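Heads up: the structure comes next, in structure tokens.
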Amino acid sequence: MFRNISTAVKGCTEVVATTSTKAPCPGKPSKQTVPPRKIYLTNFTLQSSLLSKKALTPVTATQIRLVHTDFKIPDYTDYRRNSVKDPSASNRDTYENRNAFTYMVLGTAVTGTMFCAKAIVHKFVLSMAPAADVLALASIEVNLNDIPEGKNATIKWRGKPLFVRHRTTAEIETEQNTSLAELRDPEDDSVRVQKPEWLVIVGVCTHLGCVPIANAGDWGGYYCPCHGSHYDAAGRIRKGPAPTNMEVPPYKFINDNTLLVG
């Protein structure tokens, strides 16, 4: 009713150019075509159409097909385990039991793999270790009774020459009274020896790795003929291109006649 009144009012307010003497506003409003309401295709509208059994138009973006025949569920009995076919059995195979068995097998395999990997790594590490003969020479014992006073013994230790010198009383006094200001690499004699009469050093020149000659040189200690480095009776550099004193290895006296190096 309100719609017709609004149309009539709208029509009466229009000004129409005419020569007729009749009123421009007719008593009955003219018919107007109203466009149909647009239906939006959503999940709600599709579900509503299905519930009301309305047929969907072919232009819809979604098609819903219903099965109008007897749909048979596939029979997978041939593929099932025999232990799970009987639901009333008390000891039948279940998913939990199979899962526990799977975890047990997996854990056993992982544990075995870890032990094998450990054995392989252990063998690989041992292959890089020094050989048995090298380990045997890692520490050696020196019989001091075989080295007379004033002499120097050369012994092979860890692939390097080892000098064990039995110093005389004059050599001990000379090295102990040497001023540190005269030395290129200042080091007191008491620091380099444990017993004054025994000097133990690695017989390698600190310049380029040559082997010096014992009881030679300007200071009566050691002389490297390669480039002219002179060492005193304490193995300290006194002259030549060598930058530092000769190395003192780790050693200890087992007794008065036996020296353990290494």
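Quick caveat, the model's predicted, so the values are computed rather than measured.
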Residues 236-245, side-chain donor-acceptor partners within the protein, below 3.5 Å, at least two apart:
{"residue": "Arg236", "atom": "NE", "partner": "Asp232", "partner atom": "OD2", "Å": "3.1"}
{"residue": "Arg236", "atom": "NH1", "partner": "Glu187", "partner atom": "O", "Å": "2.8"}
{"residue": "Arg236", "atom": "NH2", "partner": "Glu175", "partner atom": "O", "Å": "3.2"}
{"residue": "Arg236", "atom": "NH2", "partner": "Glu175", "partner atom": "OE1", "Å": "2.9"}
{"residue": "Arg236", "atom": "NH2", "partner": "Asp232", "partner atom": "OD2", "Å": "3.3"}
{"residue": "Arg238", "atom": "NH1", "partner": "Asp232", "partner atom": "OD2", "Å": "3.3"}
{"residue": "Arg238", "atom": "NH2", "partner": "Glu182", "partner atom": "OE1", "Å": "3.4"}
{"residue": "Lys239", "atom": "NZ", "partner": "Asp218", "partner atom": "OD2", "Å": "3.3"}
{"residue": "Asn245", "atom": "OD1", "partner": "Ile237", "partner atom": "N", "Å": "2.9"}
{"residue": "Asn245", "atom": "ND2", "partner": "Asp185", "partner atom": "O", "Å": "3.0"}
{"residue": "Asn245", "atom": "ND2", "partner": "Asp185", "partner atom": "OD2", "Å": "3.4"}
{"residue": "Asn245", "atom": "ND2", "partner": "Glu187", "partner atom": "OE1", "Å": "3.1"}

>> Please enumerate all residues that pass side chain to side chain donor-acceptor pair (under 3.5 Å) together with Arg165, with sequence neighbours excluded.
In response: Glu171, Asn215
> With sequence neighbours left out, which residue pairs that include part of residues 146-155 fulfil the salt bridge (Lys or Arg N to Asp or Glu O under 4.0 Å) condition?
Replying inline: none
>> Tell me every residue that passes side chain to side chain donor-acceptor pair (under 3.5 Å) with Ser190, counting only those two or more places apart in sequence or in another chain.
In response: Asp188
> Please, which pairs that meet salt bridge (Lys or Arg N to Asp or Glu O under 4.0 Å) have at least one residue in residues 105-117, sequence neighbours excluded?
Replying inline: none
> Taking only residues two or more places apart in sequence or in another chain, which ones pass side chain to side chain donor-acceptor pair (under 3.5 Å) with Asn99?
Replying inline: none
> Applying salt bridge (Lys or Arg N to Asp or Glu O under 4.0 Å), which residue pairs with at least one partner in residues 119-129 are found, sequence neighbours left out?
Replying inline: none
>> So, using salt bridge (charged side-chain N to carboxylate O under 4.0 Å, His left out) as the criterion, who are the partners of Lys195 when residues are at least two apart?
In response: Asp256
> Who are the ring pair (Phe, Tyr, Trp, His ring centres under 6.0 Å) partners of Tyr231, not counting sequence neighbours?
Replying inline: none
Contacts under 3.5 angstrom, residues 103-119 side chains, donor-acceptor by atom type, not counting sequence neighbours:
{"residue": "Thr108", "atom": "OG1", "partner": "Met104", "partner atom": "O", "Å": "2.8"}
{"residue": "Thr111", "atom": "OG1", "partner": "Gly107", "partner atom": "O", "Å": "2.8"}
{"residue": "Thr113", "atom": "OG1", "partner": "Ala109", "partner atom": "O", "Å": "2.7"}

> How close do Tyr251 and Gln194 get, heavy atom to heavy atom, and via which atoms?
Replying inline: O-NE2, 2.9 Å
>> Holding to side chain to side chain contact (heavy atoms under 4.5 Å, CB included), I want the full list of residues that pass it with Pro186, two or more places apart in sequence or in another chain.
In response: Leu180
> Val202: what forms a side chain to side chain contact (heavy atoms under 4.5 Å, CB included) with it, not counting sequence neighbours?
Replying inline: Trp157, Lys160, Val204, Glu247, Pro249
>> Any non-hydrogen side-chain atom of Met246 less than 4.5 Å from a side-chain atom of Pro212?
In response: yes
